[in-house]
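Scope of the values below: all heavy atoms of this structure, side chains included, with no hydrogens, waters or symmetry mates. What you see is a predicted model; the values in this text were computed from it and never measured. As the structure lists them, so they are numbered: ligands from 1, and atoms in each ligand from 1.
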Amino acid sequence: MTPEKTPVDTLTEEQAAEELARLAVEIAGHDRRYHAEDAPTISDADYDALKLRNAAIEARFPELIREDSPSKSVGATPSSAFAQVQHAKPMLSLDNVFSDEDVTDFVGSVRRFLNLPADAELVFTAEPKIDGLSMSLRYENRRLVTAATRGDGTTGENVTANIRTIADIPERLPADAPDIVDVRGEVYMRRDDFLDLQKRMAESGQTFANPRNSAAGSLRQKNPEVTKSRPLKFFAYAWGETSEPLADTQFDAVTRFRDWGFPVNERMKRCASLEDMLAQYRAIEADRASLPYDIDGVVYKVDRLDLQERLGFRSRSPRWATAHKFPAEKATTVLKAIDIQVGRTGALTPVARLKPVFVGGVTVTNATLHNEEEILRKGVLIGDHVIVRRAGDVIPEVVGPVVERRTGSERPFVMPTRCPVCASHVEKAEDEVVARCTGGLFCPAQRKQALLHVAGRRAMDIEGLGDKLVDQLVEAGIVKTPADLYKLGVLALANLQRMAEKSAANLLAAIEKSRHTTLARFIFALGIRNVGEATAKDLARHFGSLDALMDATPESLLAVPDVGPVVAQSIAGFFAEAHNREVIEQLRAAGVKWEEGEPAAPVAGSASGKVFVLTGTLPTMSRDEAKALIEAHGGKVSGSVSKKTDYVVAGAEAGSKLAKAEELGVAILDEDGLRHLLEQG
Ligand code: IVH
């Protein structure tokens, strides 16, 4: 379709809003066909004209710029545009802390884990946290072979051809580099380069909100020539697999990267005390505006690599590092309205509709207000001038009202007693702050959210099934449960408004493609409360099949890593509901399939299958370290002694558990005995 002929300067606000909405959908479709499907349906010139038209309307009506505006898009849909790469070692993220006390706690927790006395030396490195995107560069025999984005941490996208165009990244490493090394770091764009690029790109109508999006968009190009024309840079600060140890300390390892020709951040410093760390944080914060690139905090890492190794990882982040984030940026704007959003589980969330305001690197038009109590606590009224805060990738937040600017026309928010979507009663459990619609899957909003979750990239991954389509499918009554998606045919779709034959065929193909999935994705897709992607993966690995998971008792669920009583209860509760089992049966009947396997064998190791109980104070290891060590060798740690206990590890001042072990005749070990036992394997 060619752009509307109405000149931009004669458009009314209403026409402009309508056209922007249409352009957003249309351009997104072209983006997908071009980048992900490699099958564009219009010429480049026509595409550019659409983008230009969008940019021109936005320039005249900046307050109408949409959250999903094509001018904010980072380009391709990554999932199918690039081949996938399995990381040899997972790319983890960092825990965030926000205050000096949090940093004190972090240092304390490291000391406690390592059982270090308060006066023992413990050095950390401290360096800026770069606001870019992380990259893993694999060198084999000193040649760059693969470059991959972080992706979900386990699997990333292969962007090697694009990475080779970045001058900062060496193609070869010198002779002293190991045979295999994954050098990791951040691809970013300098602020001045970003501004220049904006100017260059303004003519084409495609611009980015901030340097980070710009870096991401520039990397996700199908054509490396495009990436080459973008001013991308790199800092090395970490590593994955290496065929030999790089150094004894973090600092020395990064220094080797520098010697190999990688840019490393010159602000990295060793800090021998908590005071040094906080002083370094303040120094970097003070220089934040004058650094040529965006940063959003300071990263502290335990310097000694042997200690990093002992500290190890939690499921998603290392115990030996943390990010101390800068306070969020703030701005003032007008709270135009408070709308209610109904979530997948019926939760009613008040959402602030704001006059667009630029804060923390992006234009914000919506912010969550969480719940009614939060609104009362903050004391905001509809129509207020409010302070809005946004930190890095965190969802924008309304901090509070600017009371001095009230005119008297502001009015309080009232939580509806009926669901604004389906008119069912709204309920609030006594011990909960969240109000919920009681309509369940009768409520179109809940149904839509549930379907969007099922279709999501991390769940069944039905490409192209977004907001608008789900709205139509639900409103037309064509789809009621996730299983209905798998029963769709061309006829049903043909009844939908504006659904072209080609789009219908595309959707059906995407649904077909999603029919075969993995057990982990399927479990995640079920939308069990408290079961995120990581837990779904753990459950799939642990149980091997859906039937085994469906039959699991809360007690047996507790044996899954990271599953505690609350999560165990949610899972067991979910499968106890007949209608949930029914939907699963319908999905199976509709031909949805996933790979099943054997339940994961316990981690092979010297303690494989053995149950340990820890009691008393061990001479050098903290309880957490002993637990982590036992688990790393395949053992389990339990809280109480029973006939099933294989070993009790007892330290100083062991009490009743030791007595119980003696009574039951359970083997008793001290710290040396434990180390000996684990090393034997
Ligand atoms: S260390 C095992 N150092 O922050 C963790 N990360 O929030 C290795 N980041 O995914 C990461 N600057 O993309 C590290 N100096 C720095 C960093 C940094 C930015 C990013 C990185 C990571 C994210 C975690």
Pair [X] + [Y], salt bridge at N-O below 4.0 Å:
| X | Y | answer |
| --- | --- | --- |
| Arg138 | Glu241 | yes |
| Asp276 | Lys269 | no |
| Asp296 | Arg212 | no |

Classify the angle between the aromatic ring planes of His324 and Tyr281 as parallel (below 30°), tilted (30 to 60°) or perpendicular (above 60°).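 Taking Tyr281 first and then His324, their aromatic rings lie parallel (interplane angle under 30°).
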(request) May I ask whether Lys301 has any heavy atom positioned less than 4.0 angstrom from an atom of ligand 1? (result)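 Distance cut 4.0 Å: Lys301 passes for ligand 1.
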Within the structure, is a non-hydrogen atom of Pro128 found at a distance of less than 4.0 Å from ligand 1?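 Yes; Pro128 lies near enough to ligand 1 that a heavy-atom distance drops under 4.0 Å.
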Quiz prompt | Listed partners of Arg288 passing side chain to side chain donor-acceptor pair (under 3.5 Å), at least two apart | solution =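 Arg288: no side chain to side chain donor-acceptor pair (under 3.5 Å) contacts found.
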For Arg142, side chain to side chain donor-acceptor pair (under 3.5 Å) partners two or more places apart
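So Arg142 forms a side chain to side chain donor-acceptor pair (under 3.5 Å) with Asp179.
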*Under 4.0 Å from a heavy atom of Pro318: give me the atoms of ligand 1 that qualify, with their elements.*
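Answer for ligand 1: 2 (C).
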Review point. What atoms in ligand 1 come closer than 4.0 Å to a heavy atom of Glu127?
Key: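 Within the 4.0 Å cut-off of Glu127, ligand 1 contributes 3 (N), 15 (N), 16 (C).
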Are any of the N or O atoms of [X] closer than 3.5 Å to those of ligand 1?
| X | value |
| --- | --- |
| Glu186 | yes |
| Ser134 | yes |
| Asn96 | no |

Report task. Please work out whether any backbone atom (N, CA, C, O) or any side-chain heavy atom from C-beta onward of Leu94 is under 4.0 Å from ligand 1, and answer side chain, backbone, both or neither. Result ->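 Within the 4.0 Å criterion, Leu94 contacts ligand 1 through backbone and side-chain atoms alike.
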